[in-house]
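Have a look at the structure below, then the notes.
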Amino acid sequence: MPFRMFCCVLGLVLCSTALTVYFASHSIGTVVVTTLACSLLLQLAYFASVLFLIWRSGSRAGQRAEHFGSCKEVGSEPPDLDEATNESADLLQRDQMLAISLLLP
């Protein structure tokens, strides 16, 4: 996800939270505290999702290495470089969509 889009989504979520809290409580102090808490929670969720994606990509790399090792033992050839590149691009796009879905409420 591009950084600009991330900032727009983050601003939209924080502004909607601030407006909701203001209309519910009519207190600027409560709005500030709640918006800061929401910002911190979103940052923690984003950090956790990035760590999860890094951990998952590491475990998948180990599985691929085991798979290619078993291909050599059987005598079959591993997939072409183009197929592996396309698969990697599909995995990256799916991981990005997962990260986006984790950010949205």
Side-chain angles (χ1 to χ4, degrees):
M1 172 185 343
F3 183 70
R4 187 175 190 159
M5 182 185 292
F6 172 75
C7 287
C8 289
V9 170
L10 181 65
L12 181 66
V13 169
L14 291 177
C15 286
S16 63
T17 302
L19 287 173
T20 303
V21 170
Y22 181 74
F23 287 126
S25 68
H26 299 289
S27 170
I28 297 295
T30 305
V31 169
V32 171
V33 170
T34 307
T35 304
L36 289 175
C38 181
S39 174
L40 180 63
L41 183 65
L42 286 172
Q43 289 178 16
L44 287 174
Y46 181 76
F47 183 70
S49 66
V50 169
L51 286 179
F52 173 74
L53 292 174
I54 290 171
W55 171 77
R56 196 173 102 193
S57 70
S59 66
R60 285 184 174 247
Q63 289 174 353
R64 280 194 217 125
E66 290 174 6
H67 174 71
F68 287 140
S70 66
C71 288
K72 289 180 182 178
E73 291 172 1
V74 174
S76 62
E77 291 293 319
D80 292 346
L81 180 61
D82 292 334
E83 291 177 14
T85 304
N86 290 339
E87 182 180 336
S88 297
D90 291 340
L91 288 174
L92 179 63
Q93 184 177 9
R94 190 179 72 210
D95 290 345
Q96 289 174 347
M97 293 303 291
L98 176 64
I100 292 170
S101 68
L102 289 173
L103 287 175
L104 298 176

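Just so you know, residue 1 is the first one in the sequence shown, and it goes up from there. Quick caveat, the model's predicted, so the values are computed rather than measured.
A donor-acceptor contact shorter than 3.5 Å is absent between the side chain of T35 and the backbone of V32.
Tracing side-chain contacts under 4.5 Å through hydrophobic residues (I, L, V, M, F, W, Y), one reaches Y46 starting from F3; they form part of the same cluster. When hydrophobic clusters are built by joining Ile, Leu, Val, Met, Phe, Trp and Tyr residues whose side-chain heavy atoms come closer than 4.5 Å, directly or via intermediates, V31 is grouped together with L19. Hydrophobic clustering keeps L36 apart from L42 (ILVMFWY residues linked when any side-chain heavy atoms are closer than 4.5 Å, directly or through intermediates).
Atoms SG and CG, from C7 and L12 in turn, are 12.5 Å apart once rounded to the nearest 0.5 Å.
Ring planes of F52 and W55: tilted class, angle from 30 to 60°.
C38 pairs with exactly one of V33, L14, V21 by the side chain to side chain contact (heavy atoms under 4.5 Å, CB included) rule, that one being L14.
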